Amino acid sequence: MIILLMLIMILITLIANILMFISIILSKKSFMDREKCSPFECGFDPKSSARIPFSLHFFLITIIFLIFDVEIALIFPIIYLFKTVNFFIWMKTSFFFMLLLLLGIYHEWNQNMLTWTN
């Protein structure tokens with residue numbers, strides 16, 4: 001019985017390896033295209049002058065998105081902790097965190113980081 005199970009496991013592993021090898025061979029693209037071989041740099045042609053003025057607003061929007069994306073990831077454990085901790089401690093922590101988020105977005109709005117101007 002144990003030998004049969006070992007043979008089945010070896011057979012399954014062998015079939016999986018063969019399928020992975022076939023998928024690697026079939027997924028290779030052999031044609032080379034000019035656009036595919038050139039690097040992509042923020043939508044600008046990399047062969048032109050590198051001294052073109054670039055708006056830093058793209059980077060500011062990216063940083064704002066990353067900050068709020070991480071904060072959303074921190075909100076999920078707060079929802080889970082609702083069942084396990086004292087309600088008043090949970091309420092204080094949640095209120096402080098939400099207040100910090102609102103103050104951050106107010107500061108960004110006050111500094112005109114959210115308006116799309118050059």
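All values reported here derive from a predicted model rather than from experimental measurement.
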Going from OG1 on Thr84 to CD1 on Ile89, what distance comes out if it is rounded to the nearest 0.5 angstrom?
-> 10.5 Å
Output the rest of the hydrophobic cluster of Ile12: all Ile, Leu, Val, Met, Phe, Trp and Tyr residues reachable through side-chain heavy-atom contacts under 4.5 Å, sorted by chain and number.
-> Leu4, Ile8
Can you sort out the partners of Phe21 under side-chain contact (heavy atoms from CB on, under 4.5 Å), two or more places apart, ordered by chain and number?
-> Ile25
Answer yes if Ile18 and Leu26 sit in the same cluster of Ile, Leu, Val, Met, Phe, Trp and Tyr residues linked by side chain heavy atoms under 4.5 Å apart, and no otherwise.
-> yes
Cluster link Met98 to Leu74, ILVMFWY, side chain under 4.5 Å = yes
Grouping ILVMFWY residues whenever side-chain heavy atoms fall under 4.5 Å, the cluster of Ile3 otherwise contains Leu7
State the CG-OG1 distance between Asn86 and Thr93, to the nearest 0.5 angstrom.
-> 10.0 Å
Path from Leu81 to Ile72 over hydrophobic side-chain contacts below 4.5 Å = yes
Tracing side-chain links under 4.5 Å among I, L, V, M, F, W and Y, which residues wind up in one group with Ile24?
-> none
Not counting sequence neighbours, list each pair that qualifies as a ring pair (Phe, Tyr, Trp, His ring centres under 6.0 Å) and has a residue in residues 78-109.
-> Phe82-Trp90
Sole residue of Leu11, Ile15, Asn17, Ile10 in side-chain contact (heavy atoms from CB on, under 4.5 Å) with Thr13 | Asn17
Quick one: list whatever passes side-chain contact (heavy atoms from CB on, under 4.5 Å) with Ile79, sequence neighbours left out.
-> Ile75, Phe76
Would you give the length of the straight line joining atom CG of Leu103 to atom CG of Asn110, rounded to the nearest 0.5 angstrom?
-> 11.5 Å
Backbone of Met20 reached by a side-chain donor or acceptor of Ser23 within 3.5 Å | yes
